[in-house]
Amino acid sequence: MPASVSAAVTGADTAPAHEAGTIATGSVPVAMVLPKTSESPELLRIRHSMSHVLAMAVQKLFPRAQVTIGPWTESGFYYDFDAPDPFTEADLKAIKKEMVRIIGKKLPLERLEVNRQDAEDRIRGQNEPYKLEILAGLQDPITLYTLGEEWWDLCAGPHVANTSELNPKAFELESVAGAYWRGDEKNAQLQRIYGTAWQTPEQLAEYKRRKEEALRRDHRRIGTDLDLFSIEDEAGAGLVFWHPRGARMRLLIEDYWRAAHFEDGYELLYTPHVADIDLWKTSGHLDFYRESMFGPMEVDGREFQLKPMNCPFHVLTYASRLRSYRELPIRWAELGTVYRYERPGVMHGLMRVRGFTQDDAHVFCLPEQIGDEILRVLNLTERILSTFDFRHYEIHLSTRPESSIGEDAVWDLATQGLIEALDRKGWSYKIDAGGGAFYGPKIDLKIEDAIGRLWQCSTIQLDFNLPERFDLEYVAADGTRRRPIMIHRAIFGSLERFFGIMTENYAGDFPFWLAAEQIRLLPVTDDVRPWAEALQTQLAAAGVRASVDRSGDRLGKLIRTGEQQKIPVLAVIGEREAEAGGASLRSRREGDLGLAPASALIQAAVAANQARAAGLAIKGAVGSATATLQAP
RNA sequence: GCCGGUGUAGCUCAGUGGUAGAGCAACUGAUUCGUAAUCAGUAGGUCGCAGGUUCAAAUCCAGUCACCGGCUCCA
């Protein structure tokens, strides 16, 4: 079975494409195809040419700006300049205007093949030191592209033949950003101008719509709107406060995670948050990971270190007594909270934080168990991720890098184990040759979300280093002491980050089983409120998270509020329902479910929770209940 | 850390040197209402923080913290 079953199941296709205030109806219409640059030779030429037009416009308006490089990106293009004064947003408008003017002049773009000396002379004539550096790295033949009479750039092409092929209504300059010459922060800081360009204004409009869609799904915004979590200035950047609704959801995720691990033969550990700094010396983290760690603290004359990783603790637990080969494989998991120093400016909502909880696990096994254990991890990973409607993966296998530790035979065995497991699982993967860690090969898994973005979450890494450093052993059948194989693995990666990705995937429309508030009971009048309260009590007793809206507002307002808060099921209770002993159900996913008796509602909700279902399955409620009860 | 931008009420935002504003949310009262906003009223801010300039600073200046878009890095 291929890894990518279908993205259509991710729930997001049926997610409402609307502002928080409009009703969810049906699916997002099949949108216009917006090819990536690498998929469209036409767009590639347009975007590449557009970056030349950009550079020409900039040099026209800012003669002191020096050009560097200006490639296409998958959705547009950019150009890096070394300019004495920073570009402002206002400058972008002027630059865009100039670009429109250049395009309007219908300038030809011509490819010229020149010899190295000619190229160098031309560059020297214009005082463009970066170009000179680029030239030095080029192979013959040297080509350049002219843009009209006045401007040219070293470039391999391809380009459009004439700026008349560029649509001045189908491009946009998007932002200014700092970037480093050749991507190295030790080099000069350049100013990068990003733009996007399309064949038609309609494509540009669709591109903008998708950007807005991503904005609508932004977990930071949804987190605030639905009161799930916050990050407090006074506490510090990158530290997450889980509010009751977010905390309840996290608890549901954790409970599910724990249950799945117990079922799959794991035991759970709890380990400390700090430890003597010597532990980190032994593990090697102090040497190789220091810049990512919170500084040490002194207690009783000893230095303690806040943990950036859980591995050494699991290793110590293993080493706490002598192990037999009969015990292996040992599978230990922990929701371990770690703290890592992140540089200012890199924090991002829940996606990049300084304190987070890893769903970490370590498997200690015999060499011959590697294949089975990896396969087992792959199966568990698929099981857990698909519960959150992530069913489409991109998998990378990373092999031995040049500088690494360990014997060839062990590397081969381990790498073969990973390959064998992937093949047995039937998953296709890309090989990242030499991309493994210095201590072992690994499998990384990226999940695709509802709008096609890839996120790396799961990782499975073999480790030949820590068992060595901590001198881990087991007693083999022949009585000799041997070194166990150690596998690190995480499925969510970080609970915080996964929560953010999941929130964006569902656009805040969480499945029934996961919603903090699953059912909201809406009394039409005060007279029926006691019945609503009674039903709420029954639901709560059955483990269903229901509440009664006591605001006293009119039904229309109650519905509106409930929908804005994305409550999966709104249950209207008026006189009819009170008499019938039920509620009229309005589901975000299933629409109007009609009047259901209390017993049916409770039963369906309990069943949905057990099955971790996205919605309620109420059989026959619509027809029978409403028909009979409305008759008199 | 770097480049650019932004910090004003819970949220979205207006306010460019002279008494801090709006909408929504919240709270109180009236209304007892049938599937996306009933009406009226009340309360809420040392304008991110700490300095400076000024008779006077949300507003000008330098600093700092945080956030946003990127770069670099990364779970």
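Numbered from 1 within each chain, the chains take letters A, B, ... in sequence-line order.
- As rounded to whole Å, 17 Å separates atom P of B:C3 from atom CD1 of A:Ile193.
- Look at A:Arg220 and you'll find a side-chain N or O under 4.0 angstrom from OP1 or OP2 of B:G69.
- Close placement of the A:His285 and A:Trp280 rings is indicated, their centers lying within 6.0 Å of each other.
- Between A:Met309 and A:Tyr289, the closest side-chain pair of non-hydrogen atoms falls below 4.5 Å.
- Counting any heavy atom pair closer than 4.0 Å across all strands shown, A:Gly556 reaches sugar-phosphate atoms only and no base atom.
- For the pair A:Glu213 and A:Arg216, the salt-bridge criterion is met [side-chain N within less than 4.0 Å of a carboxylate O].
- A cation-pi arrangement is absent between A:Arg47 and A:Phe77, since the terminal nitrogen or guanidinium carbon is not both under 6.0 Å from the aromatic centre and inside a 45° cone about the axis.
- None of A:Ile395, A:Leu378, A:Leu385 except one satisfies the side chain to side chain contact (heavy atoms under 4.5 Å, CB included) rule with A:Ser458; the exception is A:Leu385.
- Aromatic rings from A:Phe288 and A:Tyr439 are positioned such that their centres are separated by 6.0 Å or more.
- For the C1' atoms, the distance linking B:G4 with B:G17 amounts to 27 Å, nearest Å.
- B:A75 atom P lies 17 Å from atom CG of A:Leu350, rounded to whole Å.
- Here B:U32 presents its P atom at 20 Å from CG of A:Leu522, a figure rounded to the nearest Å.
- Heavy atoms of A:Phe498 sit nowhere under 4.0 angstrom from any nucleic acid atom.
- Using modelled atom types and a 3.5 Å distance limit, the side chains of A:His243 and A:Ser230 yield a donor-acceptor pair.
- Residue-to-nucleotide contacts include a donor-acceptor pair under 3.5 Å from the side chain of A:Glu577 to the base of B:G34.
- Considering only side-chain N and O atoms, A:Tyr78 lies nowhere under 4.0 angstrom from the phosphate OP1 or OP2 of B:C71.
- The separation between A:Lys446 atom NZ and B:A75 atom P is 12 Å, rounded to whole Å.
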Table of protein N/O atoms under 3.5 Å from nucleotides 24-28 of chain B N/O atoms:
residue, atom, partner, partner atom, Å
B:A25, OP1, A:Lys557, NZ, 3.0

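- If you check every strand for non-hydrogen atoms under 4.0 Å, A:Glu575 touches a base.
- Residue A:Gly552 is in base contact, counting any heavy-atom pair closer than 4.0 Å across all strands shown.
- Counting non-hydrogen atoms under 4.0 angstrom, A:Val353 reaches a base of the nucleic acid.
- In this structure, B:U31 forms no base pair with any nucleotide, since neither Watson-Crick nor G-U wobble geometry is met with both distances under 3.5 Å.
- Taking atom CG of A:Asp80 as the reference point, atom C1' of B:G4 lies 14 Å away to the nearest angstrom.
- Only the P atoms considered, B:U42 is 38 Å distant from B:C68, to the nearest whole Å.
- If you check B:G10 for Watson-Crick or wobble pairing at under 3.5 angstrom, you find it paired to B:C24.
- A:Arg576 has its CZ atom 10 Å from the P atom of B:G34, to the nearest Å.
- Taking atom CG on A:Asp233 and atom P on B:G10, their separation rounds to 14 Å, with Å as the unit.
- With a 3.5 Å ceiling on both atom-pair distances, B:A62 lacks any Watson-Crick or G-U wobble partner.
- Remark: the A:Glu342 side chain and the B:A75 base include a donor-acceptor N/O pair separated by less than 3.5 Å.
- With hydrogens and angles ignored, a donor-acceptor pair under 3.5 angstrom links the side chain of A:Arg352 to the base of B:C73.
- Applying the 5.5 angstrom centroid cut-off and the 30 degree plane-angle cut-off, the aromatic ring of A:Phe356 is stacked upon the base of B:A75.
- Searching all strands for a Watson-Crick or G-U wobble partner of B:A36 with both distances below 3.5 Å returns nothing.
- Ion pairing between a basic and an acidic side chain is recognised when a charged N comes within 4.0 Å of a carboxylate O; A:Arg340 and A:Glu496 show no such pairing.
- At a cut-off of 3.5 angstrom, the base of B:A36 holds no donor-acceptor pair with the side chain of A:Arg554.
- Using the Watson-Crick or G-U wobble rule with both distances under 3.5 Å, B:A57 pairs with nothing in any strand shown.
- Under the Watson-Crick and G-U wobble criteria, each requiring two contacts below 3.5 Å, nucleotide B:C67 is paired to B:G5.
- Residue-to-nucleotide contacts include a donor-acceptor pair under 3.5 Å from the side chain of A:Asp526 to the base of B:U32.
- Look at A:His348 and you'll find a side-chain N or O under 4.0 angstrom from OP1 or OP2 of B:G69.
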